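A short write-up of the structure that comes next.
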Amino acid sequence: MQSFDTNELKAVSGGGMYDGPLMNYTVQPGETLKLIADKFATKVLVLQELNPIIDDSLTVKPGQVLQVPVRK
C-alpha cells in the first residue's frame, strides 16, 4: 500500500529545478530513488534537490519521508 500525505506543500522558489506543489511520500520496502522518481514522473535530480537528506549514494530507506512533486 502506498503511503501518501495528502497535505500539499509548496516548493520554495530559489532557482531550482522544480517550483510547484509538493506532497510527502513515505518510502516503501524495496523502493529506490529511481523507482520513486518514475512513480511521480520526475527525475532523481529533482528529488535530490527537494530532499537534501539524500546523500550522493542515492540511498533511501523504508519509512523515510520524502517531498515529491505533485502533477496536476
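The structure presented is a predicted model; accordingly, all values stated were derived computationally and were not measured.
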Checklist entry - What are the two closest non-hydrogen atoms of Pro62 and Pro29, and how far apart are they? => result CG-CA, 3.7 Å

Checklist entry - Between Gly30 and Leu35, which heavy-atom pair has the shortest distance, and what is it? => result O-CD1, 3.9 Å

Checklist entry - Are Gln64 and Asn51 close enough, and set up right, to give a side-chain contact (heavy atoms from CB on, under 4.5 Å), and what steps lead you there? => result CA-CA 11 Å; Gln64 188 173 0; Asn51 299 279; over 6 Å; no

Checklist entry - If you look only at pairs with a residue in residues 21-33, which of them pass as a salt bridge (charged side-chain N to carboxylate O under 4.0 Å, His left out), with sequence neighbours excluded? => result Glu31-Lys39

Checklist outcome for this item: By side-chain hydrogen bond (donor to acceptor under 3.5 Å, both in side chains), Asp38 pairs with (sequence neighbours left out) Lys34

Checklist entry - Mind checking what makes side chain to side chain contact (heavy atoms under 4.5 Å, CB included) contact with Val65, not counting sequence neighbours? => result Asn24, Thr26

Checklist entry - Between atom CG of Leu66 and atom CE of Met23, what is the distance when rounded to the nearest 0.5 Å? => result 11.0 Å

Residue pair [X] / [Y], side-chain heavy-atom distance below 4.5 Å:
X	Y	answer
Leu47	Thr42	yes
Ile36	Gln28	no
Ile54	Val44	no

